[in-house]
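By convention in this document, chain letters (A, B, ...) are assigned in the order of the sequence lines, proteins followed by strands, and residues within each chain are numbered from 1.
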Amino acid sequence: MLIGGPLGWSLAPLLKQHIPSVYNALKPIASIYANAAGHRKMGLRYDDLIIEEREDVQKAINRLPTRESYDRVFRMRRGILQSAAHKHLSKEEWVKPEEDVRYLAPIVEQVAKEDAERAMWDSMAVERKK
Amino acid sequence: MSLLTRIPRGRIPQAVLRKAYATVADVSGVKVAGIETGQPAATTSLTVVVKAGSRYETKPGVAHALKSFAYKSTSAGSALKTTRETELYGGVLSATLGREHLYLTAEFLRGDEAHFLSLLASVLSSTHFYPHEYAELVLPTLEAETLSAISSPTTLALDLAHQLAFRHGLGNSLFASPHSPVSVTDVKSFAQQAFAKSNIAVLGSGISTDALSKAVQKAFGSGSASGSSTLAPGSTKYFGGEQRVPLELHANPAAQPTMIIAYGSTSAPSPELKVLPHLLGGVSSVKWCDGASPLSQAAAKVPGASAEAIILPYSDASLFGVIISAPTSEGVAMVAKDVALALKAAGKGVKDDEVKRAIAKAKFADATASERVASLISTAGPALFSSGGVAAPDASFSALQKVSPTALGKAAKELFQPKPTIVAVGNLSVLPFGDELGL
């Protein structure tokens, strides 16, 4: 189980909202980290790495538009082949930083929100209007 | 003698009847009528009547999909919130699709109208039409409803009868079909056209027009779709024809072979046509008894069989039909022969006392229609658009009283003149063709 919902927890949204100067200062380091993580060299996007053995993430994957869903499967198959061959893609095939968009995270968040809402309604206490 | 003769037959004071019926108010482009019954009612029902029945649909099945999209996520909250809040208020939400209108109904305890009206308004103005809700919640409902319609011979036969009788417009099927897929964008664009203010009316029962108008002003005053609808009903023509469908006997153990013999006319039902089904009858008024009407006499010859005459009224057409069903196809064939004879006899002339009996039954049917929520919606709802007012329950009495045997005979003869619409569902090697019945 992941702490802090299906996507794990992150301080980035809080920083972006409340202390943008710190966020902007840390952004280049984050970019270096994302490049060093190596998924882009395998032709994967960051959202392809989200742990998918969860009901909410599975539901989110089902909600992807058909095209996104096909592309996701293609990237994964290509990544598995590269991994088996112990090779990176050639440099022009690497995923560029601007292509590495969060296509799945918003849908996962939407599903998590729905689950939270259901839990709220399931466990609420009704009070008579005064 | 019986006590019945002693019951005072004096007329009900007109003021009492008139009090129950309200005029139609126009609240910022939306027609509103509240019908208040005599005593203070414990419950109120609100119905938004939308001219978005299957006859208006831009693509086959889109009206059915729109019906199933009712009460899903709106900008006021999720589908779950709508459901749970309704449960807490002790209300019932429902959506019904007819060939001409879509009815969104909320029934609830008196006094909660503000909540439920704003809920209905948000359904009309801000349903999100999320693709994932369509795939996860709406499509399974559509599939199940279509499947259950196909496995019910009467529903299937009535749907096919409309198709044969009117072909397009009113002939459109009420049910989405797997053969013509509907996408969520189709539903969205249909909804945008259908939910224009000029296209909707609000009908309340157990609430006064004044109170309802105020609530409607508050809920629909801003934020809902304005402008006029581009959905056109098209003209209606009667065609007729014959269709035979094998019955999937393994599908539903309760399914019985069914035949429908129907005739259509291209005008709203005249008083004569309203009386005709009651003349032919089919439904016994007394328990444990076959009934004296020609159709019940015909059905009584086969155990477990039924033959019932109905009239389906529309704004510019009506479909008169006899629904015959029996446990076996042989039984249906036997009853159908007698039904055909009864129809022909009605076209030749009718007896005076039988007509009197039928008129009394027609009056009763008209009057009870306004006393129950379900039937009130389907009679008063369309009237808001066509006549601009809800007629009192006794409004049709004088017209029905004037129906004479000769006029009824003439109307029946005219009705039975064109080609009949015949639908047979069952064992096709046994069920008769129209010409074998002499129709």
Side-chain angles (χ1 to χ4, degrees), chain A residues 2 4-8 13 17 45-76 101-130, chain B residues 44 65 68-69 71-93 108-119 122-123 126-143 178 181-189 215:
Chain A
L2 280 171
L7 297 175
Q17 202 186 346
R45 293 182 184 177
Y46 181 70
D47 273 2
D48 296 339
L49 309 182
I50 293 176
I51 291 170
E52 65 171 79
E53 287 82 3
R54 292 173 60 101
E55 269 179 33
D56 41 11
V57 180
Q58 281 301 317
K59 203 168 187 180
I61 290 170
N62 282 333
R63 287 184 186 181
L64 281 175
T66 324
R67 180 62 200 256
E68 286 279 20
S69 181
Y70 279 132
D71 285 357
R72 175 187 160 88
V73 173
F74 170 75
R75 286 192 302 272
M76 290 203 163
V101 286
R102 308 292 306 261
Y103 68 97
L104 187 59
I107 308 178
V108 174
E109 271 161 14
Q110 185 191 33
V111 175
K113 218 171 116 191
E114 281 172 21
D115 288 347
E117 195 195 353
R118 183 169 286 275
M120 188 274 283
W121 283 111
D122 280 350
S123 60
M124 66 165 181
V126 185
E127 266 180 42
R128 185 168 285 281
K129 244 189 208 169
K130 277 161 196 144
Chain B
T44 302
S68 305
F69 239 121
Y71 313 118
K72 297 289 176 286
S73 291
T74 66
S75 53
S78 66
L80 183 74
K81 179 178 180 246
T82 307
T83 318
R84 293 293 168 94
E85 280 188 348
T86 306
E87 283 170 0
L88 286 176
Y89 273 99
V92 179
L93 299 175
F108 47 86
L109 298 171
R110 197 176 173 89
D112 293 339
E113 58 265 12
H115 170 78
F116 282 96
L117 204 59
S118 69
L119 192 154
S122 76
V123 167
S126 66
T127 299
H128 286 308
F129 297 104
Y130 282 135
H132 68 264
E133 278 189 333
Y134 185 61
E136 289 168 16
L137 304 173
V138 178
L139 271 181
T141 321
L142 286 188
E143 276 172 27
V182 180
S183 76
V184 69
T185 36
D186 296 331
V187 185
K188 199 174 178 180
S189 67

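- Contacts of A/Met124 with chain B are made by side-chain atoms alone, with heavy-atom separations under 4.5 Å and no backbone atom involved.
- Ring orientation note: the planes of B/Phe108 and B/Phe116 are close to parallel, at an angle under 30° on the 30°/60° scale.
- Using a 4.5 Å cut-off on side-chain heavy atoms (C-beta onward), B/Leu80 and A/Glu114 make no contact.
- The shortest distance between side-chain heavy atoms of B/Val187 and B/Val138 does not fall below 4.5 Å.
- Listed in order of number, the residues of residues 60-71 of chain A that approach chain B to under 4.5 Å between heavy atoms are A/Arg63.
- Enclosure of atom OH in A/Tyr46 is not indicated, since only 12 or fewer non-hydrogen atoms of other residues, nucleotides or ligands lie within 6.0 angstrom.
- By the 4.0 Å N-to-carboxylate-O rule, A/Glu52 lies close enough to A/Arg72 to be salt-bridged with it.
- Taking the charged nitrogens against the carboxylate oxygens, A/Asp47 and A/Arg45 have no contact shorter than 4.0 Å, which rules out a salt bridge.
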